[in-house]
Amino acid sequence: MASETVHNELNVYESAEARFELAARRLGLEQGIYKYLKYPSKEITIYIPVAMDDGRIEVFTGYRVLHSSVRGPGKGGIRFSPEVTLDEVRALAAWMTWKCAVVNIPFGGAKGGVICDPSKLSAVVLERITRRYTAELGEWLGPERDVPAPDIGTNEQTMAWVMDTYSMHVHQATTAVVTGKPLDLGGSRGRREATGRGCMIVCNKALTELKLKPQDCRVIVQGFGNVGSFAALLMHQSGYKIVGVADVHGALYNEKGFDLPTLFDWVHNQRKPLPEFPGGGAKMTAQEVLFQPCEILLPAAVENQLTSQNAHRVQAKILLEGANGPTTSMADAILDQKGVFVIPDILANAGGVTVSYFEWVQDRQGFFWRESEVNERLQDFLESSFDEVVRYAGMHRVSNRISAYMVAIDRVARALKLRGIYA
Ligand code: NAD
């Protein structure tokens, strides 16, 4: 069982390790390859001195972990959050390796983070943190080395600063060094919605597996940021009924369903608190809403929301993991026993990195695609990855999660064997 090796259930690195171990064992991965893939390739810690608005100097801590560049340059977001830890960044970097391999795009895995609370910092200070962090990473970044993207607490503007800082250092405009950029700076059409759209694409596939229709499905979405709000909006437009929504301020549950375009406007344009939305609904905590009646549960906020302590309370038929690591490895067995159809994070939220890959390709070609082309290609990548994961799960009699890890680890291991060990 995956939980055998977990000492601290809420340590995401241990959770990621437990799944990796289980999948590696099922694959019969040889010991040397196992060791190679278990450890990150590089870990960088940066102390970032910044002049604050009042002239004081503050020092922030940042990390960049390159887990693997076996299949291509490192790829992974930069997170700005007070909760960032090195263990978290390590786990997220490894997940990026498996995620890129599951959808078969030519990237390795990386992740970055800075311990700071962007909601309490001015744009000027955020820009200084971003530029110093980028400058310190220096040569470790690059379109052929390591390509960051946005994550929690960072956005298109942050990526524009990374691109500019890197470009100033190498004396040429280098758009392909980051993805998730503004359209005016080599961003891709469809990138902003891509992770949410990807969630919907794989959910549609799961519905076909389970012989359900969107109209039969009530959805609860925890997290109303880039992933959650676009997933909710697009799913609403496709006929799903969004009955629960939550963000960091709290949650609403309304059996009748929410008017998503109005809710989206309330939160994102009017910048009002989600729980105050006048569309009605019972107020509750962002945790409690996870256990309300629904067919589809979409955690799209933070890690460790479903644990061994609460997973038995999930009522959903489908768990669609928009967030990275919303379920602990100790909760996996409980969800399996309940017969929940899990679409694991490394597949469910891979739409973002897939369109990041398209962005990188477009930047390098200097030729940009129509949004319909981006969306069609995204659908192709995710539908075939979903089919492969479900087929592999059936063939090896493992959960979808372990199947996704097995597909990914096998791909990376094959590339590694072909390359051999440089010494
Ligand atoms: P975001 O910062 O845009 O939004 C996060 C949302 O979660 C916000 O609505 C926030 O209020 C809410 N939230 C934060 N803490 C919460 C809590 N404790 N309870 C309930 N809600 C809470 O971030 P995002 O880009 O949407 O990322 C969300 C998750 O999806 C993260 O796990 C991220 O790693 C993952 N992810 C993001 C992308 C992407 O393209 N943005 C791609 C893959 C995975």
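For reference, positions follow the sequence shown, starting with 1. Since we're looking at a predicted model, the values are computed, not measured. In what follows, every heavy atom counts, from backbone to side chain, and hydrogens, waters and symmetry copies are set aside. Order of appearance sets the numbers: ligands from 1, and atoms from 1 within every ligand.
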Among protein heavy atoms, which sits nearest to atom 9 (O) of ligand 1, and what does the distance come to when rounded to 0.1 Å?
Phe224 N, 2.9 Å
Point-to-point distance, once rounded to the nearest 0.5 Å, from CG of Leu212 to SG of Cys217
5.0 Å
Closest protein heavy atom to atom 21 (N) of ligand 1, given as residue, atom name and distance to 0.1 Å:
Asp247 C, 3.2 Å
Just jot down the ligand 1 atoms closer than 4.0 angstrom to any heavy atom of Arg191, in number order.
40 (O)
Among Ile152, Leu92, Asn324, the residue with a heavy atom nearest to atom 36 (N) of ligand 1 is Asn324
Per atom 29 (C) of ligand 1, closest listed option by heavy atom (Ala251, Ala231, Gly223, Ala301)
Ala301
Which residue, Thr354, Leu233, Leu378, Leu382, forms the side chain to side chain contact (heavy atoms under 4.5 Å, CB included) with Arg197?
Leu378
Identify, for atom 40 (O) of ligand 1, the protein heavy atom at the shortest distance, and state residue, atom and that distance.
Thr195 OG1, 2.7 Å
So, Arg19 and Glu14, do they make that salt bridge, N to O below 4.0 Å?
no
Classify the side-chain pair Arg79/Thr154 by whether it contains a donor and acceptor separated by less than 3.5 Å.
no
Report yes if the distance between the aromatic ring centroids of Phe224 and His268 is under 6.0 Å, otherwise no.
yes
Which atoms of ligand 1 are found less than 4.0 Å from any heavy atom of Val227?
24 (P), 26 (O), 27 (O), 30 (O), 36 (N), 37 (C), 38 (C), 39 (C), 41 (N)
With a cut-off of 4.0 Å, which atoms of ligand 1 are near a heavy atom of Asp151?
33 (C), 34 (O)
Quick check: Gly225 and ligand 1, any N/O pair under 3.5 Å apart?
yes
Can any side-chain N or O of Arg411 pair as donor or acceptor with the backbone N or O of Val102 at less than 3.5 Å?
yes
Counting from 1 in the order shown, the ligand 1 atoms closer than 4.0 Å to a non-hydrogen atom of Gly322 are 30 (O), 35 (C), 44 (C)
Closer than 4.0 angstrom: is that true for some heavy atom of Ala246 and an atom of ligand 1?
no
Tell me the nearest of Thr285, Thr179, Asn226 to atom 25 (O) of ligand 1, using heavy-atom distances.
Asn226
Ignoring hydrogens and geometry beyond distance, is a side-chain donor-acceptor pair present between Trp161 and Tyr133 at under 3.5 Å?
no
Check the angle between the aromatic planes of Tyr357 and Phe107 and answer parallel, tilted or perpendicular using the 30° and 60° thresholds.
perpendicular
Identify the two heavy atoms, one from Ala331 and one from Leu306, that lie closest to each other, and give their separation to 0.1 Å.
CB-O, 3.6 Å
Could you walk me through whether Phe80 and Ile115 pass side chain to side chain contact (heavy atoms under 4.5 Å, CB included), step by step?
CA-CA 6 Å; Phe80 282 4; Ile115 306 171; over 6 Å; no
Heavy-atom nearest neighbour in the protein, as seen from atom 18 (N) of ligand 1, with distance rounded to 0.1 Å:
Val302 CG2, 3.8 Å
Check ligand 1 against Asn349 and write out every atom of the ligand that is under 4.0 Å from a heavy-atom position of the residue.
43 (C), 44 (C)
Mark up the atoms of ligand 1 that fall under 4.0 Å of a heavy atom belonging to Ala286, in ascending order.
19 (N), 20 (C)
Say you draw a straight line from OG1 of Thr327 to CG of Leu319; how long is it, rounded to the nearest 0.5 Å?
4.5 Å
Is it the case that ligand 1 has an N or O less than 3.5 angstrom from some N or O of Val248?
yes
Is there a polar contact between ligand 1 and Arg79, counting only N or O atoms under 3.5 Å apart?
yes
Side chain, backbone, both or neither: which part of Ala300 has a heavy atom under 4.0 Å from ligand 1?
backbone
Within 4.0 Å of some non-hydrogen atom of Gly153, the atoms of ligand 1 are 2 (O)
Would Arg145 count as a cation-pi partner of Trp140, with NZ or CZ less than 6.0 Å from the six-membered ring centre and within 45° of the ring normal?
no
Does ligand 1 have an atom that lies less than 4.0 angstrom from a heavy atom of Glu193?
no
